[in-house]
Amino acid sequence: MTTIADPKAPRAPRPGPGRRVTRGNVEMASWLFMRISGVVLVVLIFGHLFVNLVAGGGVKAIDFAFVAGKWASLGWQVWDLLMLWLAMIHGANGLRTIINDYAEKNATRLWLKVLLAASFVAVVVLGTLVIFTFDPCPAGAAAGTLPSFCPAP
Amino acid sequence: MTATLEPAASTAVGEVPTFQVTLKIARYIPSDAPAPAYGEPVPAGTARWDEFQLTVHGTDRVLDALHQVKWDLDGTLTFRRSCAHGVCGSDAMRINGRNRLACKTLLKDLDPSKPITIEPIKGLPVIKDLVVDMEPFFASYREIMPFLITGANEPTKERLQSQTQRDRFDDTTKCILCAACTTSCPVFWTDGQYFGPAAIVNAHRFIFDSRDEGGAQRLEILNDKEGAWRCRTTFNCTDACPRGIQVTKAIQEVKRAVITRTF
């Protein structure tokens, strides 16, 4: 006597590969980050614009001494670092979403994301280096162009 | 005095005005070659635009015009329709660039001075003319488990619910699965893997139902790379819904539920 292995009615397999299950909180975190960083960036960027372009001597006062003076204080270093990192992650994440939405081939999507990641790393590393290794009193510069706290040459 | 019919008054009153329209219909005739094995390319059919001049009444809908074409002019025109009264959701199509039900769209509201374009809904494979393969759409619908999930023993009477509890999800119970929302979504056009508005709306219908206990499972399913987070809030779905469901709002409520569940 033979047993019937599967007495269920035959059913044609579902055509196509179907959806890959990609659950997890990554997309949720990315979605939340965009909202939160967006709000923070509004404050950071408008604060930056106001201090640089409106307050004090206005836009005409921007020169090497002004920037060097700002970056000599820890507060402005943190402000600019936050602005750099949040803006870069926010923007890169937005571009990642656009690539996911509009790239039709897997290879195109992969290469665009590699390009995006490379440019992200380059800008973030360079920007961070500039903020922290910036020398407000370079040797050999004319005294009139330096911030007031530099020692006289 | 005896009551008599007054023939003179009956003709003029109530006469529906007629006017001319041109229908421009996207046709797709599949190839006659036998269907290839799965994974092989399907032989391409022929696609073209057909124009039909019709005399229609002011009370006619797009569906009546399509009937007139199919019954009197070109019997090969293929489209879906069942109830013809906006409830079954069979005849969603892209009319003048917008997803609507042919049975709920009056021709007089569509500017009859220009040709009225009728295309199949976008993002799903066309089988013939205005008929698309709805299987990917229903696969997403099945995945969110559109049925009541309960844990405890069945009550001996009906499951009671207050009016407030019912109002919480009332809007999303109106869905007729016509696919007008999902096929109006730009994310779905470029990535057919996205669950789509209709699946999320039907998940919403059970997630916020006080009698249902499968909400956490459904939120888990929609907390997917292809789930609720792919929504870009373009509101195409809300505009397209022939039942007036606030689709984008429902998707946002699902997103919020996923977030509040996590934190």
Side-chain angles (χ1 to χ4, degrees), chain A residues 6 8-43 86-117 120, chain B residues 35-40 42 123-125 127 133-144 185-196 199-200 203 216-234 236 251-252 254-263:
Chain A
D6 185 1
K8 289 195 289 273
R11 183 175 293 184
R14 279 257 299 280
R19 195 197 327 275
R20 270 191 13 251
V21 176
T22 45
R23 285 174 208 164
N25 290 332
V26 177
E27 288 298 317
M28 182 188 69
S30 129
W31 189 89
L32 265 180
F33 173 81
M34 294 305 266
R35 268 84 201 151
I36 296 166
S37 65
V39 172
V40 177
L41 276 169
V42 165
V43 176
L86 286 182
M88 281 308 289
I89 303 174
H90 186 99
N93 193 30
L95 275 172
R96 180 189 70 97
T97 342
I98 292 171
I99 293 170
N100 278 341
D101 277 1
Y102 287 99
E104 290 185 7
K105 293 191 194 117
N106 282 337
T108 321
R109 185 173 300 131
L110 177 74
W111 281 110
L112 285 174
K113 281 188 189 172
V114 167
L115 205 67
L116 177 68
F120 170 82
Chain B
Y38 177 74
E40 301 295 312
V42 177
L124 293 167
I127 296 173
D133 180 7
M134 299 279 279
E135 180 49 29
F137 172 80
F138 283 116
S140 293
Y141 176 61
R142 282 193 298 268
E143 231 169 297
I144 54 96
C185 174
V187 176
F188 185 79
W189 292 339
T190 50
D191 182 4
Q193 297 288 299
Y194 173 42
F195 273 81
I200 303 176
Q217 273 170 278
R218 293 195 185 86
L219 290 175
E220 180 64 30
I221 291 167
L222 288 176
N223 189 16
D224 188 286
K225 187 167 170 285
E226 305 292 349
W229 308 114
R230 295 223 77 173
C231 170
R232 308 275 173 262
T233 51
T234 54
N236 277 20
I251 299 175
Q252 294 304 100
V254 168
K255 283 182 192 169
R256 181 180 297 173
V258 178
I259 292 171
T260 49
R261 185 187 65 124
T262 312
F263 295 107

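Lettering of chains follows the sequences in order, A, B, ..., and the numbering in each one begins at 1.
In summary, B/Asp224 and B/Arg230 do not engage in a salt bridge, as defined by a charged side-chain N under 4.0 Å from a carboxylate O. Using a cutoff of 4.0 Å between basic side-chain nitrogens and carboxylate oxygens, B/Lys255 and A/Glu27 are not scored as salt-bridged.
Only the side chain of B/Phe263 comes within less than 4.5 Å of a heavy atom of chain A; its backbone N, CA, C and O stay farther away. Only the side chain of B/Val187 comes within less than 4.5 Å of a heavy atom of chain A; its backbone N, CA, C and O stay farther away. Using a 4.5 Å cut-off between heavy atoms, B/Ile221 contacts chain A through both its backbone and its side chain. For B/Phe195, the parts lying under 4.5 angstrom from a heavy atom of chain A are both the backbone and the side chain. Both the backbone and the side chain of A/Thr97 come within contact range of chain B, judged by heavy atoms closer than 4.5 Å.
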**Message:** Does A/Phe33 form a side-chain contact (heavy atoms from CB on, under 4.5 Å) with A/Leu86? I'd like the steps, not just the answer.
**Reply:** CA-CA 9 Å; A/Phe33 173 81; A/Leu86 286 182; 3.9 Å; yes
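Remark: B/Ile127 CD1 to B/Glu135 CD distance equals 10.0 Å, nearest 0.5 Å. In this structure, CZ in B/Arg261 is found 7.0 Å from CG in A/Asn25, a value given to the nearest 0.5 Å.
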